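Note that this is a predicted model, so its numbers are computed, not measured. Numbered from 1 within each chain, the chains take letters A, B, ... in sequence-line order.
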2 protein chains.
Amino acid sequence: MALVFSSGSPAGGPRSAPQILGAAREVLSAQGYAALTIEAVAAAAGVGKSTIYRWWPSKEALVADALAEIFRAEEIPDLGDTRAELRHAVDMTIDNYANEDMAASLPALAAGLLHHPELLARFRESFLSRKRENIAAALRRGVRRGDLPDDLDTDLVQDVWAGTIVYRRLMTGAPLDADLAERLVRLVLHSPPLRAPREEAAPGGASPSRLDPAPEGKVRRSPG
Amino acid sequence: MALVFSSGSPAGGPRSAPQILGAAREVLSAQGYAALTIEAVAAAAGVGKSTIYRWWPSKEALVADALAEIFRAEEIPDLGDTRAELRHAVDMTIDNYANEDMAASLPALAAGLLHHPELLARFRESFLSRKRENIAAALRRGVRRGDLPDDLDTDLVQDVWAGTIVYRRLMTGAPLDADLAERLVRLVLHSPPLRAPREEAAPGGASPSRLDPAPEGKVRRSPG
DNA sequence: CGAGAACGATACGGACCGTTTCATTCGCGG
DNA sequence: CCGCGAATGAAACGGTCCGTATCGTTCTCG
């Protein structure tokens, strides 16, 4: 991944990008996103701060590039075994949030980007799109094998997986262990409701559960 | 909710707490967590900044109190209908993340608290515990009615619910609508894997919720 | 009406910001 | 091996916000 967020203004290219991004990760991992300052990164990298400002327009852009280099988004190998592939996907996501400060940096970064739509879009593209497409491919294989329903909502699956993982790391502090991974996998393997939105009636196959009268509800705002 | 994070040092109590917390919410909602400064809140509240520093030890504490006042964590009423109660719980959570900047503030705050264990613990206690216990009570009613499996993992259910909602708001930007709510409800109503970890089941009693990391017996206590 | 608490204004040193200037070093092509 | 342009690092700038301290004023309650 090559400096997606660098402004890349001058001609020759940055000489010290590796040290700078490494130092950024170091500070991030030790001090957290909030405590990261450009001057601290410059000092840790043994670099003048003007060098950093020459190549990255903001702290956000720098951190995004630093995180992008360690964010795993590889293809899920075709293992011929849907359960194993799902587990692989979940493990990859858990890996991405292994370090507590790193894990916190991503949401913090996203939060800080809410008022920078341009960077936010690039952030989502860079971090989410590729990984989601790779996992979606594995999910589609599972559908083809008949292990998953053909109208599986692959976006919702990923929101549930990543959401649960991030939420545990950041909010409840619960462990991200093998047990969680296994449960998240099973949740998808055995959950009829994780279906794609259907325009009309259900497509020929699945019969709805009797406990599920399919109420077409409208959103309500509950009283205070 | 009464100023959980205020240091409450002086005697008489703050006179201008309402204006200050209101201004904090205003700034938070308009500018976001990162852009919130004590001086900006003071100005917006028409208050000297020394007044804020007199009652709150840090930006984090102030924001925590400001958010606590609008964070919904009420009991789920016994509607005699498990599906309706689950929907109620999900809607309450979605409500809590209605405003984008507010929604982002909570994770950003948690991220900023990672290096302040004392405040982090109070944050989790204040924001998560009560709400989780209330939702857990509703889930237990569902179990008693036979609509949910006896060994439902109420903690995992809530991590999945809240996690998916927060993740959508913050990371993917996907809508938090009635469709999502309905899917999250169905996910629980029809998902065998959402079971409790194999331990001694304690039927009837209140299930202890694990909100603290507490990895293997290490219990963190806070000095009064 | 008086005491004490809460308040606001103001000023302070310090950290970082983001920018500019300028002399120095690097590294590639000739 | 040399030179030239690109990249660099040091320093200094005005600016914002931090968190603290001081001090005179205003509120509140007994």
Side-chain angles (χ1 to χ4, degrees), chain A residues 2-3 5-24 26-28 30-66 108-109 112-113 115-116 118-119, chain B residues 2-3 5-24 26-28 30-66 108-109 112-113 115-116 118-119:
Chain A
L3 302 185
F5 300 91
S6 159
S7 55
S9 19
R15 223 140 59 202
S16 40
Q19 296 95 289
I20 292 173
L21 294 178
E26 220 169 85
V27 175
L28 218 46
Q31 251 81 50
Y33 180 83
L36 180 142
T37 67
I38 299 288
E39 297 194 335
V41 174
V47 140
K49 81 169 167 166
S50 45
T51 300
I52 298 182
Y53 278 113
R54 184 150 36 227
W55 295 102
W56 287 274
S58 66
K59 161 178 169 173
E60 286 77 22
L62 173 63
V63 171
D65 269 337
L109 177 56
L113 256 37
H115 289 274
H116 302 268
E118 150 71 13
L119 272 183
Chain B
L3 300 186
F5 300 91
S6 158
S7 56
S9 17
R15 226 142 54 204
S16 40
Q19 298 94 289
I20 292 173
L21 294 178
E26 220 169 85
V27 174
L28 218 46
Q31 252 82 49
Y33 181 81
L36 180 143
T37 67
I38 299 287
E39 298 194 336
V41 173
V47 139
K49 79 169 168 168
S50 43
T51 299
I52 298 184
Y53 278 113
R54 183 150 35 227
W55 295 102
W56 289 274
S58 65
K59 161 177 169 174
E60 286 77 22
L62 173 63
V63 170
D65 268 337
L109 176 56
L113 256 36
H115 289 273
H116 303 269
E118 150 71 13
L119 272 183

Working to the nearest 0.5 angstrom, can you tell me the gap between [X] [atom1] and [Y] [atom2]?
X: B/L3; Y: B/D65; atom1: CG; atom2: CG; answer: 5.0 Å
X: B/I38; Y: B/T51; atom1: CD1; atom2: OG1; answer: 12.0 Å
X: A/S58; Y: A/L113; atom1: OG; atom2: CG; answer: 7.5 Å

Any B/T51 side-chain N or O less than 4.0 Å from OP1/OP2 of C/dG8: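 Answer is yes, contact under 4.0 Å.
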Short side-chain N/O contact to C/dT19 OP1/OP2 from A/S50, under 4.0 Å: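 A/S50 to C/dT19 OP1/OP2: no side-chain N or O under 4.0 Å.
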Please report the distance, rounded to the nearest Å, between [atom1] in [X] and [atom2] in [N].
X: A/E39; N: C/dC16; atom1: CD; atom2: C1'; value: 5 Å
X: B/I52; N: D/dC17; atom1: CD1; atom2: P; value: 13 Å
X: A/R54; N: C/dC26; atom1: CZ; atom2: P; value: 15 Å
X: B/I38; N: D/dT16; atom1: CD1; atom2: C1'; value: 14 Å
X: B/W55; N: D/dG19; atom1: CH2; atom2: P; value: 19 Å
X: A/K59; N: C/dA15; atom1: NZ; atom2: P; value: 17 Å
X: A/Y53; N: D/dG9; atom1: OH; atom2: C1'; value: 15 Å
X: B/K49; N: D/dT20; atom1: NZ; atom2: C1'; value: 9 Å

side-chain contact (heavy atoms from CB on, under 4.5 Å) assessment of B/L62 paired with B/F5: CA-CA 7 Å; B/L62 173 63; B/F5 300 91; over 6 Å; no
Sugar-phosphate only, base, or nothing, as touched by B/S16 at under 4.0 Å among non-hydrogen atoms: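 Since only primed, P, OP1 and OP2 atoms lie under 4.0 Å of B/S16, the category is sugar-phosphate.
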Closest to side chain of A/R15, choosing from C/dC17, C/dT25, D/dC18: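 Output: C/dT25.
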